[in-house]
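To start, the structure under review is shown below, and the notes come after it.
Predicted model, so just to flag it, every value in this text is computed and none were measured.
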Amino acid sequence: LVPLLVDALNPGGVIVFDTILDSPTLEGFHNRGYLLQSGELLEIFSPYPGEILLYEELPCGPSPTARLIFHKS
């Protein structure tokens, strides 16, 4: 879905992405096939024309997340 999001975004637009990160500390039942791996969100957005304004991973705790803010050129 990320290519569709980036394509729909006007130049100068911003995507804020916050998603569950696969981690040993993740609590509850999750289909691991739908969780991002460490570094994967950055890898997904890197080829698109624009700038990654923020990227962070918080792999510890009961709800590990990967966050990204992307600004389209």
Using a 3.5 Å cut-off and no angle test, enumerate the donor-acceptor pairs between side-chain atoms of residues 29-36 and protein atoms at least two apart in sequence or in another chain.
residue: His30; atom: NE2; partner: Glu27; partner atom: O; Å: 3.1
residue: Asn31; atom: OD1; partner: Gly33; partner atom: N; Å: 2.9
residue: Arg32; atom: NH1; partner: Asp22; partner atom: OD1; Å: 2.6

Side chains of residues 40-51: which donor-acceptor partners sit under 3.5 Å, not counting sequence neighbours?
residue: Glu40; atom: OE1; partner: Gln37; partner atom: N; Å: 2.8
residue: Ser46; atom: OG; partner: Leu42; partner atom: O; Å: 2.6

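Looking at Leu5 and Phe17, their side chains come closer than 4.5 Å, going by heavy atoms from C-beta outward. Residues Pro64 and Thr25 have side chains in contact (heavy-atom distance under 4.5 Å, counting atoms from C-beta outward). You'll find the side chain of Ile20 stays beyond 4.5 Å of the side chain of Thr65, heavy atoms only.
For Ser38, the side-chain hydrogen bond (donor to acceptor under 3.5 Å, both in side chains) partners two or more places apart in sequence, or in a different chain, are Glu57.
For the side-chain hydrogen bond (donor to acceptor under 3.5 Å, both in side chains) condition, the pairs that include at least one residue of residues 5-21, sequence neighbours left out, are Asp18-Arg67.
In this structure, Leu26 is not a member of the same hydrophobic cluster as Leu58, with clusters built from ILVMFWY side-chain heavy atoms closer than 4.5 Å.
Grouping Ile, Leu, Val, Met, Phe, Trp and Tyr residues whose side-chain heavy atoms lie under 4.5 Å apart, directly or via other members, places Val14 in a hydrophobic cluster with Val16, Leu53, Leu54, Ile69. Grouping Ile, Leu, Val, Met, Phe, Trp and Tyr by side-chain contacts under 4.5 Å, direct or through others, puts Leu4 with Leu1.
In plain terms, the two heavy atoms of Ser23 and Pro59 that are nearest each other are OG-O, 2.7 Å.
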